[in-house]
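Presented below is the structure to which this report refers.
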Number of protein chains: 2
Amino acid sequence: MQTAPTDRLSATFQALADPTRRAILARLALGETSVSELAKPFEMSMPAVSKHLKVLEHAGLITRSRDAQMRPCKIEAAALKQADDWLEEYRRLWEQRLDRLEDYLQTVQAKAPRDKETKAKPIKAKEKTRGREK
Amino acid sequence: MQTAPTDRLSATFQALADPTRRAILARLALGETSVSELAKPFEMSMPAVSKHLKVLEHAGLITRSRDAQMRPCKIEAAALKQADDWLEEYRRLWEQRLDRLEDYLQTVQAKAPRDKETKAKPIKAKEKTRGREK
DNA sequence: TATGTATTTAACCAATCAGTTATTTAACCG
DNA sequence: CGGTTAAATAACTGATTGGTTAAATACATA
């Protein structure tokens with residue numbers, strides 16, 4: 001149990017760095033549900049799941065309420081948005097890379113000399129912003 | 001026990017879950033550079049930086065080449081894109097949430113509430129799907 | 001060949017992680 | 001009250017992490 005000296009973003013990425021926790025989030029994206037319900041798909045004990053939930057909660061990725069004996073969990077997307085905002089800074093890097101790939105493919109196809117049936121139809125003009133537009 | 005070869009996405013998130021490594025990536029986003037250059041801003045030893053680089057390399061976030069004694073590091077954005085693609089699935093969640101917040105604020109402001117004790121009304125129906133406009 | 005420079009590897013350490021079983025708390029029901 | 005259900009906590013364990021210092025490697029140059 002850590003009293004976080006670590007920053008929020010690190011805690012978020014840390015929480016996402018585990019397939020079980022990502023699966024839990026995937027389930028919670030469909031809607032609020034109980035701990036035992038969340039635990040069902042996994043072969044691990046309840047305390048193990050409980051710990052994963054604590055990690056997610058600590059990262060601000062989920063919140064819990066109370067419904068009789070149950071403690072339903074709810075996904076909190078704001079923390080995910082933080083991660084997305086961080087990635088935003090780097091988006092141009094892979095978009096640029098994809099652009100280059102596209103340029104390459106365009107070049108290759110333009111040069112393609114001996115394709116028997118199809119006439120080399122030019123590729124659609126590449127748009128400068130690929131992927132998600134800003 | 002989840003031993004052995006963790007998946008790529010976990011490795012990526014794991015690598016991003018450390019401020020030092022994120023700072024290294026931020027530096028590399030500006031361009032390829034040497035290990036000692038990367039190490040300069042940090043108060044840790046060279047081996048420590050070397051280990052961080054190994055983590056980044058293992059996650060596919062950087063590659064290294066050779067230039068005399070130096071091993072210049074280069075950022076590889078493809079792995080970041082994988083993380084972005086994973087987040088993509090959840091984007092609607094926080095966009096929806098922001099919609100609701102926006103609607104809520106709008107409601108509150110429209111009412112120009114005079115008595116503080118009135119409990120906030122339930123959220124009004126929203127009609128437009130907003131967020132990143134396409 | 002020897003020497004300096006850039007970086008990695010080895011060996012070690014404390015803290016954290018991801019899991020376990022056993023126990024405890026909390027809320028409901030008859 | 002006692003019993004059941006849902007979940008959290010305690011205590012333990014082995015593996016991993018993030019750092020250290022000291023030694024080894026790889027390359028360039030004199």
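Each chain gets a letter, A, B and so on, in the order the sequences are listed, and its residues count up from 1. Everything quoted here is computed from the prediction, not taken from an experiment. The figures here come from the full heavy-atom set of this structure, side chains too, leaving out hydrogens, waters and symmetry mates.
Side-chain nitrogen and oxygen atoms of B:His52 include at least one within less than 4.0 Å of the OP1 or OP2 phosphate oxygen of D:dG19. For the OP1/OP2 pair of C:dA6 and a distance below 4.0 Å, the side-chain nitrogens and oxygens of B:Ser34 include no atom meeting the criterion. In this model, the phosphate group of D:dG19 is not approached by any side-chain N or O of B:Ser45 to a distance below 4.0 Å at OP1 or OP2. Using a 4.0 Å cut-off, some side-chain N or O of A:Lys54 falls inside it from OP1 or OP2 of D:dT9.
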I'd like a list of close polar pairs between nucleotides 26-30 of chain C and the protein, N/O only, cut-off under 3.5 Å.
unit_1, atom_1, unit_2, atom_2, d
C:dA27, N3, A:Gln69, NE2, 3.2

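Between A:Leu38 and A:Pro41, the shortest heavy-atom contact is O-CD, 3.1 Å.
With respect to B:Asp85 and B:Lys81, a salt bridge is recorded, a charged nitrogen being found less than 4.0 Å from a carboxylate O. Using a cutoff of 4.0 Å between basic side-chain nitrogens and carboxylate oxygens, B:Arg91 and B:Glu89 are not scored as salt-bridged.
Residues A:Ile62 and A:Leu25 form a side-chain contact, since some pair of their non-hydrogen atoms from C-beta on lies under 4.5 Å apart.
Within residues 18-27 of chain B, the residues having any heavy atom under 4.0 Å from DNA chain D are, by residue number, B:Asp18, B:Arg21.
Side chain of B:Arg71, nearest nucleotide from C:dA6, C:dT8, C:dT20: C:dT8.
Both A:Pro72 and B:Ala48 sit near DNA chain D, but only A:Pro72 has its closest nucleotide nearer the 5' end.
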